[in-house]
Amino acid sequence: MTFTEPEERTALRKAVFDLGSSFGHDYYLAQARNGGHTDELWDAAGRLGYLGVAVPEQYGGGGGGIGDLSAVCEEFCAAGTPMLLMVVSPAICATVLSRFGTEEQRDHWLPGFATGQVRMAFAITEPDAGSNAHNITTTARRDGDGWVLNGQKVFISGVDEADAVLVVGRTTDARTGNLKPALYIVPTDSPGLEAKPIEMDLTSADKQFSLFFDDVRLPGNALVGSEDAAIAQLFAGLNPERIMGASFSLGIARLALDRATEYAKVRKIWDTPIGAHQGIAHPLAEIKVEIELAKLMTQKAAALYDSGDDMGAGEAANMAKYAAAEAAVRAVDQAVQTHGGNGLASEYGLGAMIAAARVGRIAPVSREMVLNFVAQHSLGLPKSY
């Protein structure tokens, strides 16, 4: 048993952080505030192989695991250059296709994931179902050799940047008449697919969309893997999503803590740095402890997932996501408090981080649903919903 990462991942972390820092938080905020995207950073990360570290080597990737990819995500966030599409495209979509896609699908999509040239969004959430796959109403029906897709999705990230969307829909079981989940690859230029942006009070370079599927016709090979294995396929993507979400929050927490500690070292009151006062120092020290604990759980979740223990990874991934989100919210709040009035001045970039950190408590799964999971599966308490 070891609690330290291998040298290769440590070196990967440094290289990624250096790349993110070469662009910087000011670059990210400028892109976000001007309605732009982080294309230059994404392309550079793709060329260097950082986006494809978890893609199998035979498809041009690094052959690593979700632990490597989550480290990349954390370091970009810690450098002030978060890329939300990392959580979706290489983590969820590439993982699902790598594990369950047909040979044709893997050959077609995975080399692009390895270089970052392919971006794929993920669509599960619906207005009336949230992320409850059992209540999803987006439905695909067979039409000759293909499919016809109808339905609606909401809060889908990065559709304007994506080549395709991995859609969680439902099909009708011919034997029972019951609807069952299935996954489909839908190109974003498909006739009948409409994407409407959702106005958000977030300073983010990644936009949110509502999707409307009106008789979207798909070829037979749009179905991912087996029609009967969608639940397994779905959860193969959701565990990495939670691990990446934890890493995203960890990076934000580290950035906020770094900003706060640097300010506390140089800002003086009566010739004494404010960091010398326990009223400032102790809250920052507590956040450091919380970040390190959340990081350990995130690494445990990644190690379990990469070892093939999906059930164990599910518990750890939910706990990691919860702990990291709480640490990020506390870190940003304390960073603002440490800066005083400057904490809300645009020059320091902390105000924009308040909403960004808060998202971690909601997405990709709310803190309340994580607690439901832990209560039921970890503690054996009766199901509450």
Report yes if the side chains of [X] and [Y] come closer than 4.5 Å at any heavy-atom pair, otherwise no.
{"X": "Leu250", "Y": "Ile291", "result": "yes"}
{"X": "Ser98", "Y": "Val55", "result": "no"}
{"X": "Leu84", "Y": "Val87", "result": "yes"}
{"X": "Met86", "Y": "Trp42", "result": "yes"}
{"X": "Ile362", "Y": "Val359", "result": "no"}
{"X": "Ser210", "Y": "Lys153", "result": "no"}
{"X": "Leu97", "Y": "Met120", "result": "yes"}
{"X": "Asp163", "Y": "Gln117", "result": "no"}

ring-ring contact (aromatic ring centres under 6.0 Å, His included) involving Tyr27 - partner list, sequence neighbours excluded: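 Tyr27 satisfies ring-ring contact (aromatic ring centres under 6.0 Å, His included) with Phe23 only.
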
I'd like a table of donor-acceptor pairs (distance under 3.5 Å, sequence neighbours excluded) in which one partner is a side-chain atom from residues 267-276, with atom names and distances.
none

The criterion is side chain to side chain donor-acceptor pair (under 3.5 Å); which residues satisfy it with [X], sequence neighbours excluded?
{"X": "Asn372", "answer": "Ser384"}
{"X": "Glu262", "answer": "Lys265"}
{"X": "His37", "answer": "Asp160, Glu161"}
{"X": "Glu104", "answer": "Asn221"}

Atom [atom1] of [X]: over 12 foreign heavy atoms under 6.0 Å:
{"X": "Asp107", "atom1": "CG", "value": "yes"}
{"X": "Asp145", "atom1": "CG", "value": "no"}
{"X": "Lys207", "atom1": "NZ", "value": "yes"}

Can you give me every donor-acceptor pair (side chain of residues 310-327, partner residue at least two apart or in another chain, under 3.5 Å) with its distance?
residue : atom : partner : partner atom : Å
Asp310  : OD2  : Arg99   : NH2          : 3.2
Glu315  : OE2  : Ser378  : OG           : 2.5
Asn318  : OD1  : Arg242  : NE           : 3.3
Asn318  : ND2  : Gly314  : O            : 2.8
Lys321  : NZ   : Gly360  : O            : 2.6
Lys321  : NZ   : Val365  : O            : 2.5
Tyr322  : OH   : Arg367  : NH2          : 3.1
Glu326  : OE1  : Arg361  : NE           : 3.4
Glu326  : OE1  : Arg361  : NH2          : 2.8
Glu326  : OE2  : Arg361  : NE           : 3.0
Glu326  : OE2  : Arg367  : NE           : 3.0

Apart from Phe209 itself, what residues make up its hydrophobic cluster when side-chain heavy atoms of I, L, V, M, F, W and Y under 4.5 Å apart count as a link, directly or indirectly?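 Noted: Phe209 shares its cluster with Trp147, Leu149, Ile156, Val159, Val165, Val167, Tyr184, Val186, Leu193, Leu211, Phe213, Val216, Leu218, Leu223.
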
Check this for me, if you would: do Arg119 and Asp43 make a salt bridge, where the nitrogen-to-carboxylate-oxygen distance has to be below 4.0 angstrom?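 Salt bridge present between Arg119 and Asp43.
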
SB check Arg358 Asp201 (cutoff 4.0 Å):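 No salt bridge links Arg358 with Asp201.
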
Honestly, is Lys383 close enough over Tyr385, meaning NZ or CZ under 6.0 Å from the six-membered ring centre and within 45° of the axis?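 Yes, Lys383 sits over the ring of Tyr385.
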
Could you pull out every donor-acceptor pair under 3.5 Å between side chains of residues 338-357 and any protein atom, sequence neighbours left out?
residue : atom : partner : partner atom : Å
Thr338  : OG1  : Gln334  : O            : 2.7
His339  : ND1  : Ala335  : O            : 2.8
Asn342  : ND2  : Tyr263  : OH           : 2.9

How far apart are the C-alpha atoms of Arg259 and Leu255, what are their side-chain angles, what is the distance that settles it, and do they pass the side chain to side chain contact (heavy atoms under 4.5 Å, CB included) test? CA-CA 6 Å; Arg259 293 283 177 90; Leu255 175 63; 4.0 Å; yes

List the steps and the verdict of side chain to side chain contact (heavy atoms under 4.5 Å, CB included) for Leu19 and Leu48. CA-CA 10 Å; Leu19 175 62; Leu48 292 168; 4.0 Å; yes

Any idea which heavy atoms bring Thr38 and Ala205 closest together, and the distance?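 Nearest heavy atoms, Thr38 then Ala205: CG2-CB, 4.1 Å.
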
Scan the side chains in residues 8-18 for donor-acceptor partners under 3.5 Å anywhere in the protein, sequence neighbours excluded, and list what turns up.
residue : atom : partner : partner atom : Å
Arg9    : NE   : Asp68   : OD1          : 3.0
Arg9    : NH1  : Glu5    : OE2          : 3.3
Arg9    : NH2  : Asp68   : OD1          : 3.4
Thr10   : OG1  : Pro6    : O            : 3.3
Arg13   : NE   : Glu5    : OE1          : 2.7
Arg13   : NH1  : Glu74   : OE1          : 3.3
Arg13   : NH1  : Glu75   : OE2          : 2.6
Arg13   : NH2  : Glu5    : OE2          : 3.2
Arg13   : NH2  : Glu74   : OE1          : 3.3
Lys14   : NZ   : Asp18   : OD2          : 2.8

Residue pairs, two or more places apart or on separate chains, that pass salt bridge (Lys or Arg N to Asp or Glu O under 4.0 Å) and touch residues 210-224: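 The answer is Asp143-Arg217.
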
Show the numbers, then the answer: is there a side chain to side chain contact (heavy atoms under 4.5 Å, CB included) between Ile66 and Met244? CA-CA 8 Å; Ile66 198 65; Met244 293 290 283; 4.3 Å; yes

What residue pairs, at least two apart or across chains, pass ring-ring contact (aromatic ring centres under 6.0 Å, His included) with a residue in residues 359-381?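 Sorted result for residues 359-381: Phe373-His377.
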
If I take atom [atom1] from residue [X] and atom [atom2] from residue [Y], how far apart are they, to the nearest 0.5 angstrom?
{"X": "Asp128", "Y": "Ile136", "atom1": "CG", "atom2": "CD1", "result": "12.0 Å"}
{"X": "Cys93", "Y": "Leu166", "atom1": "SG", "atom2": "CG", "result": "4.5 Å"}
{"X": "Leu284", "Y": "Asp258", "atom1": "CG", "atom2": "CG", "result": "11.0 Å"}

Going by atom types alone, do Thr138 and Gln152 pair a side-chain donor with an acceptor below 3.5 Å?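 On atom types as modelled, these side chains do not qualify, holding no pair under 3.5 Å.
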
